[in-house]
Amino acid sequence: MKAIYALSNGGADRKMEENVAFNKVVGFVGLGGMGSGLVKNMLLKGITVHVLDLDPEKVKLAESRGAIVASSVRDMARSCDVLAFCIGKAEDVQKLTIDSETGCLQDMKPGQILLDHTTTSPDHVDLMSKACEKAGIRYCEAPMTRTPIHAEQGCVNVLYGGDTVLLEDLRPLFDTYAENIFHVGPSGHAIRLKLIHNFIAFANVATFCEGFALAAKEGLDMTKVIDIISAAGGKSGMMDLYGRKTLERDFTPHMALEWAEKDVGYYVRWLEKAGLPGFLASSVHQTYSLASIMGFGQEGCTAVIKAYEQLSGVEASFPKEK
């Protein structure tokens, strides 16, 4: 059973749906932390999936699970009913789809679906929507929340922006890897909500990392620091996920710092375009940018604390056992 949420008029209506077989061929570009898990769960449900990624080891893993390895994105565009992207940046998606020389949109036929799971920007969604509409392609913006662990387990959250007809067509596909499907409004609303969510989440990480670094420099017992904060108003979902791991020095890139920098950067530019002050957003973005410049971009997002530690000369960690 899967939970389907429709958000409208400030309320939420929930209904349960049975999984329905999805008999269309899917092309999937991007086998990173999220994409690999999504493909795994599609294959487990019997969906035919063609895959492509720059990392041959990730492609080999998907192939071992039953995926068909494609020769190129343009080849997938010609042979698949749904072409999905879950890659790094908006610019990467555009180069592979709408670029006049390298883009695959020219190979797609009217009625095909271009599914965009990438965390991008409002400008990107608007651009893609117009280009796909002109070509007769059905464009779906569907960023996700949660982590690669949830993708592997088949329980991510999908944020969908668009008409209900396309959602109904894709729901059986989403059901193979999503626990919750949120229909947040028309096209463009999903990415806007995703960026707001990610800004709040990553700002929270930057905040507790700064606090942890100061506590360590001042000689506080870090066990007491996190226990007390977690029992009061400073508690948060991101601290629950990563607070103790940070002090255990576990910086596994479930949510890489470089992607936090990218997402907050999109949020900053969107905020400026909307005409709102972005003092806090700019500070958060600069914090992640500094940590990335200092060489921590490939580590988990809480590695932002390492930038503070280099400046203070003190490591923030739990007391060592004697």
Side-chain angles (χ1 to χ4, degrees), residues 1-8 11-22 24 26-45 47 49 51 80-88 90 93 113-122 124-125 128-129 132 138-201 237 254-255 259 263 266:
M1 301 287 281
K2 297 285 182 177
I4 310 297
Y5 294 83
L7 303 187
S8 60
D13 298 317
R14 175 177 176 173
K15 66 177 181 177
M16 306 298 290
E17 295 285 349
E18 296 286 351
N19 281 332
V20 179
F22 189 80
K24 297 182 183 298
V26 176
F28 203 96
V29 184
L31 299 173
M34 299 295 280
S36 179
L38 267 56
V39 167
K40 168 194 166 184
N41 283 285
M42 283 187 275
L43 292 168
L44 286 173
K45 298 297 173 63
I47 296 174
V49 186
V51 297
C80 298
D81 303 299
V82 178
L83 182 58
F85 292 85
C86 189
I87 56 179
V93 178
I113 297 173
L114 199 159
L115 171 56
D116 201 347
H117 274 316
T118 308
T119 299
T120 56
S121 68
H124 167 83
V125 170
M128 292 294 299
S129 294
C132 286
R138 305 171 75 190
Y139 176 70
C140 171
E141 62 139 354
M144 298 172 288
T145 61
R146 293 187 171 172
T147 70
I149 294 173
H150 295 99
E152 191 73 12
Q153 295 171 345
C155 58
V156 302
N157 293 325
V158 169
L159 312 185
Y160 171 81
D163 63 70
T164 56
V165 174
L166 181 54
L167 175 57
E168 291 302 317
D169 288 345
L170 286 172
R171 180 180 291 172
L173 177 64
F174 293 155
D175 273 345
T176 65
Y177 52 76
E179 179 178 6
N180 303 309
I181 303 166
F182 296 94
H183 188 184
V184 301
S187 182
H189 282 205
I191 196 59
R192 285 169 167 83
L193 183 53
K194 172 65 185 292
L195 290 180
I196 290 170
H197 168 274
N198 279 19
F199 167 67
I200 293 171
H254 300 301
M255 206 62 96
W259 301 130
D263 292 355
Y266 284 145

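Bear in mind the structure is a predicted one, so any value in this text is a computation, not a measurement.
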Item to check | Audit row: Cys86, Met144, side chain to side chain contact (heavy atoms under 4.5 Å, CB included) steps and yes/no | outcome: CA-CA 10 Å; Cys86 189; Met144 298 172 288; 3.8 Å; yes

Item to check | Verdict with reasoning, Ile47 to Leu43, per side chain to side chain contact (heavy atoms under 4.5 Å, CB included) | outcome: CA-CA 5 Å; Ile47 296 174; Leu43 292 168; over 6 Å; no

Item to check | Derivation of the salt bridge (Lys or Arg N to Asp or Glu O under 4.0 Å) call for Asp169 and Arg138 | outcome: CA-CA 11 Å; Asp169 288 345; Arg138 305 171 75 190; 2.8 Å; yes

Checklist entry - Between Thr145 and Leu159, does a side chain to side chain contact (heavy atoms under 4.5 Å, CB included) hold up when you go through it step by step? => result CA-CA 8 Å; Thr145 61; Leu159 312 185; 4.2 Å; yes

Item to check | Verdict with reasoning, Asp175 to Ile181, per side chain to side chain contact (heavy atoms under 4.5 Å, CB included) | outcome: CA-CA 8 Å; Asp175 273 345; Ile181 303 166; 3.7 Å; yes

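Taking the six-membered ring for Trp and the full ring otherwise, Phe182 and His189 have centroids separated by 6.0 Å or more.
Here the shortest heavy-atom pairing between Arg146 and Asn157 reads NE-ND2, 3.4 Å. Of all the heavy atoms in Ala142 and Val158, the pair that sits closest is CB-CG1, 3.9 Å. Closest approach of Ser36 to Leu31, counting heavy atoms only: CB-O, 3.7 Å. Between Pro143 and Thr118, the shortest heavy-atom contact is CB-O, 4.4 Å. The heavy-atom pair separating Pro148 from Gly33 by the smallest distance is CB-O, 3.3 Å. Shown here for Tyr266 and Thr120, the closest heavy-atom pair between the two residues is CD1-O, 2.9 Å.
Proximity of a side-chain donor or acceptor of Tyr177 to a complementary backbone N or O of Gly35 within less than 3.5 Å is not detected. In this structure a side-chain-to-backbone donor-acceptor pair under 3.5 Å is missing from Glu179 to Gly154. With hydrogens and angles ignored, the 3.5 Å screen pairs no side-chain donor or acceptor of His254 with any backbone N or O of Thr147. Side chain of Lys194 to main chain of Thr119: no donor-acceptor pair is present (N/O by atom type, distance under 3.5 Å, no hydrogens or angles). With Arg192 contributing its side chain and Gly188 its backbone, the two residues share a donor-acceptor pair below 3.5 Å. Of the possible polar contacts, none joining the His183 side chain to the Asp163 backbone as a donor-acceptor pair under 3.5 Å is found.
A distance of 5.5 Å separates CZ in Phe85 from CG in Leu114, rounded to the nearest 0.5 Å. In this structure, Leu193 CG and Asn198 CG are separated by 9.5 Å, a value rounded to the nearest 0.5 Å. To the nearest 0.5 angstrom, Ile113 atom CD1 is 8.0 Å from Asp81 atom CG. Taken from NE2 in His117 to CE in Met34, the straight-line distance is 8.5 Å, to the nearest 0.5 Å. One finds the CD1 atom of Ile196 at 10.5 Å from the CD1 atom of Ile191 (value rounded to the nearest 0.5 Å). Atom OG1 in Thr176 sits 14.0 Å away from atom CZ in Arg171 (nearest 0.5 Å).
Under the side chain to side chain contact (heavy atoms under 4.5 Å, CB included) rule, Leu115 has a single partner from Phe28, Phe174, Tyr139, which is Phe174. None of Leu166, Leu167, Leu173 except one satisfies the side chain to side chain contact (heavy atoms under 4.5 Å, CB included) rule with Cys140; the exception is Leu166.
Looking only at atom types and distance, the side chain of Asp116 has a donor-acceptor partner in the side chain of His124 under 3.5 Å away.
Within the 4.5 Å cutoff, no side-chain heavy atoms of Cys80 are placed close to those of Val26.
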